[in-house]
Amino acid sequence: MMAPLRLLAAGVLLAGLSACGLQPMYAGGSGGAVARGLAAVEVPAIEGQAGWLVRNALTDRLEAGGKQTPQYKLVVRLDDQLEGLGVLSDDTVGRERRTLRARYQLVSLANNEILLDATAGSDAGIDVVSSEYATIAAEQTALENLAKVVADQIATQVALTLRERR
C-alpha cells in the first residue's frame with residue numbers, strides 16, 4: 001500500500017523539478033555538449049608541486065569524456081601558503097594551516113576572449129606532532145587533498161560557463 005504512494009510522490013517531485021528549469025549538466029553523457037567542451041580545454045603547465053597536482057587533477061576531470069582538439073585554454077595561477085598557528089608554551093607550533101588559492105581564466109583560442117575569470121580555494125588544518133616525518137607527511141597529504149578540491153571547484157565553474165555558451 002505504501003509503495004504506490006511513494007511512487008506517486010516521487011513522480012510529483014520529478015515533475016516539479018522539470019517545471020523549474022533544472023537541467024542535467026552532463027546531458028548526453030560523454031557525447032554531450034558540456035563533456036565535449038570540457039574535453040576541448042587545454043591546461044598549460046602550472047608552476048610548482050601544487051601546480052603539478054592541480055593540473056593533473058584538472059586533466060583527469062576535463063578529459064573524462066575523451067580528448068578533443070583544443071578550443072579553450074585554462075590559465076591557472078596558484079598561491080600555496082603554510083602558516084603556523086597555535087604556539088604552545090614551549091614556543092613550538094602546535095597546529096598549521098595550509099591554504100591553496102587559485103586564480104584562473106578560461107580563454108577562447110579562436111579569439112583570445114576571456115570567457116571566465118574567477119578564483120577558487122580551500123584550506124586544511126594540520127596537527128604538528130613530535131615526529132617531523134609525520135608532520136611533513138600530513139602537510140603533503142593536505143596539499144594533495146587541497147589540489148583535488150580546488151580542481152573540482154575549477155572544473156565545475158568551467159562546465160557551468162561552457163553550458164551557458166551552448
Quick one: pull up [atom1] in [X] and [atom2] in [Y] and give me the separation to the nearest 0.5 Å.
X      : Y      : atom1 : atom2 : result
Asp80  : Thr99  : CG    : OG1   : 8.5 Å
Lys148 : Leu146 : NZ    : CG    : 11.0 Å
Leu53  : Leu58  : CG    : CG    : 11.0 Å
Tyr72  : Leu38  : OH    : CG    : 9.5 Å
Leu116 : Gln157 : CG    : CD    : 5.5 Å
Ile136 : Glu132 : CD1   : CD    : 4.5 Å

Same hydrophobic cluster for Val41 and Leu115, using side-chain heavy-atom links shorter than 4.5 Å among ILVMFWY?
yes
Determine whether Leu62 and Val76 fall in the same hydrophobic cluster, where Ile, Leu, Val, Met, Phe, Trp and Tyr are linked whenever their side-chain heavy atoms lie under 4.5 Å apart.
yes
Side chain to side chain, [X] and [Y], heavy atoms closer than 4.5 Å:
X      : Y      : answer
Gln71  : Ser108 : no
Leu85  : Val93  : no
Leu162 : Leu106 : yes
Thr135 : Glu96  : yes

Give a yes or no on whether Glu113 atom CD has more than 12 heavy-atom contacts from other residues, nucleotides or ligands under 6.0 Å away.
yes
Inter- and intrachain pairs under side-chain hydrogen bond (donor to acceptor under 3.5 Å, both in side chains), touching residues 40-52, at least two apart
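Residue pairs passing side-chain hydrogen bond (donor to acceptor under 3.5 Å, both in side chains), neighbours aside: Gln49-Gln140.
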Distance-minimising heavy-atom pair for [X] and [Y]:
X      : Y      : value
Ile126 : Ala138 : CG2-CB, 3.7 Å
Val129 : Ala134 : CG2-CB, 3.7 Å
Arg61  : Ala155 : CB-CB, 4.1 Å
Ala102 : Ile154 : CB-CD1, 4.0 Å
Asp117 : Ile114 : CB-CG2, 4.2 Å
Leu100 : Ala50  : CD1-CB, 4.0 Å

Stepwise, does the side chain to side chain contact (heavy atoms under 4.5 Å, CB included) test hold for Asn112 with Val107?
CA-CA 6 Å; Asn112 281 336; Val107 180; 4.1 Å; yes
Would you list the atom pairs, donor with acceptor, under 3.5 Å between side chains in residues 118-125 and any protein atom, with sequence neighbours excluded?
none

Looking at Asp79 and Arg103, does any basic side-chain N land under 4.0 Å from a carboxylate oxygen?
no
Member of Arg95, Arg98, Arg97 meeting the salt bridge (Lys or Arg N to Asp or Glu O under 4.0 Å) criterion with Glu83
Arg97
